[in-house]
2 protein chains.
Amino acid sequence: MTDKKENILHAALELFAKDGYNATPTSKIAKQAGVSEGLIFRHFGNKKGLLQALIEDAETRMGELLAPVIFESDPKMVIRKIITLPFSIDRSEYDFWKLQFKIKWEEEYNNPNKMKPLIDKLAWAFSELGFDGPEEEALLLNQIIDSISISILRDGVEPQASFQSFLLEKYNV
Amino acid sequence: MTDKKENILHAALELFAKDGYNATPTSKIAKQAGVSEGLIFRHFGNKKGLLQALIEDAETRMGELLAPVIFESDPKMVIRKIITLPFSIDRSEYDFWKLQFKIKWEEEYNNPNKMKPLIDKLAWAFSELGFDGPEEEALLLNQIIDSISISILRDGVEPQASFQSFLLEKYNV
DNA sequence: CGCTTTAAAGTGAGCGCTTACTTTTTTATT
DNA sequence: AATAAAAAAGTAAGCGCTCACTTTAAAGCG
């Protein structure tokens, strides 16, 4: 990966996250990346290809982020780890995750089943802990995590340690 | 409001909700509305004005939807009504609400404080019911409602009566 | 090593097309 | 015929993308 190629990815990420994919012209990306417009197309084929590269990158990272939860064997720790997750996103990666959430609203990129393995794991954990309706609990917690992430990324809400504690206590983990 | 003006609003709503604002040309809106393109600009000035009209309409409707919750005096009923809300959205209005949620990702249209009155009311209800940390509970429930709406509108998840019951029981309302 | 050849990376002008919006022409109504 | 509403035609800017070309890096070889 050359420097300029990475510059393009970085600029595109920032602009897509802020203004949206369709509202961001390739000319603007090139300008911000300090690169000729043509180079975008040499490296990524077309504008969609550039977005695709960002998405694939994200899928890898999402997998890495969820791995410690999926492979955790202590049910309490599963719940604890998933609750902690959105509060531990690094600021420098906000744009990165914001784009992922934003893109879910574009039909062709949204895959509601992507979270299935996580939800299954949560259901298992709740079941182990003797909750009534572990599937429903899993679904609910997944949605809570989702919505916390959204409030942080979209609304710019400061991640509140107190709210994290509140959740940890609520689930007793 | 003439018929054609309403046709334009209806077509724009559908297309904006499906493809997004920027990806929807006015020519397509006109075609779907069975109207000449110029008429859009006669009625709404410009494309943004058309979007604005849809947003203003939504704000009114949102107020109407939340009024029964805000003015409810029984704390249990406050919780019950807000939980029931996302499950009672009429299918014919999915596009309408989908657009509202989609638009929150555009910085200039997102106003995180819009839900303040509702959250305050929920906090009051939880306080009345003797919950620990009523503010946190209010925030949490508001986010749950938000994420349920999203899963229905964005992911096309069928509203599950069983999940609604699960929540009502969980909150004992 | 030095020299040549090939390949890869990078440039920027510009093309064809679509877009939001405007102006002109037609149609309908009183 | 006069006026307003709608349709049709037109415009200019901006878009994604191509392409002919230059520069830089890598590979082949005596």
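Lettering of chains follows the sequences in order, A, B, ..., and the numbering in each one begins at 1.
Contact between the side-chain N/O atoms of A:H43 and the OP1/OP2 oxygens of C:dG10 is found at a separation under 4.0 Å. Under 4.0 angstrom from either OP1 or OP2 of D:dA8 there lies no side-chain N or O belonging to B:S36. Phosphate contact (OP1/OP2 of C:dA9, side-chain N/O of A:T2, threshold under 4.0 Å): absent.
In this structure, the CG atom of B:D19 is 12 Å from the P atom of C:dT19, given to the nearest Å. Note: CG (A:D3) to P (D:dA25) measures 11 Å, nearest angstrom. Atom CZ of B:F16 is separated from atom C1' of C:dA20 by 12 Å (rounded to the nearest Å). Rounded to whole Å, the distance from CD1 on A:I40 to P on D:dT18 is 13 Å. As a whole-Å value, the separation of A:R42 CZ from D:dA20 P is 12 Å. For A:K5 and C:dG10, the NZ to P distance is 10 Å, given to the nearest whole Å. Distance A:K48 NZ to D:dC15 P: 17 Å, rounded to the nearest Å. The distance from atom CZ of A:F41 to atom P of C:dG10 is 16 Å, rounded to the nearest whole Å.
Note on B:K4: only backbone sugar-phosphate atoms sit closer than 4.0 angstrom, heavy atoms only; bases stay farther off. Backbone-only contact: B:L39 has heavy atoms under 4.0 Å from sugar-phosphate atoms and none from a base.
Considering only heavy atoms from C-beta on, A:I148 stays 4.5 Å or farther from A:L85 through its side chain.
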Would you sort out whether A:Y171 and A:F126 count as a ring pair (Phe, Tyr, Trp, His ring centres under 6.0 Å), showing the intermediate values?
CA-CA 10 Å; A:Y171 282 98; A:F126 280 120; 5.7 Å; yes
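Nearest to the side-chain atoms of B:V35 among the listed nucleotides C:dA20, D:dA7, D:dC15 stands D:dA7. The A:K47 side chain lies nearest to D:dG16 when the options are D:dG16, C:dT11, D:dA6.
A salt bridge links A:D19 to A:K28: at least one charged side-chain nitrogen sits closer than 4.0 Å to a carboxylate oxygen. Under a 4.0 Å N-O distance rule, the pair A:D132/B:K170 does not qualify as a salt bridge. Ionic pairing of B:E135 and B:K121 is not present here: no N-O contact between side-chain nitrogen and carboxylate oxygen is shorter than 4.0 angstrom.
Each of B:G34 and B:E37 lies near DNA chain D, and the nucleotide nearest B:G34 is the one positioned closer to the 5' end.
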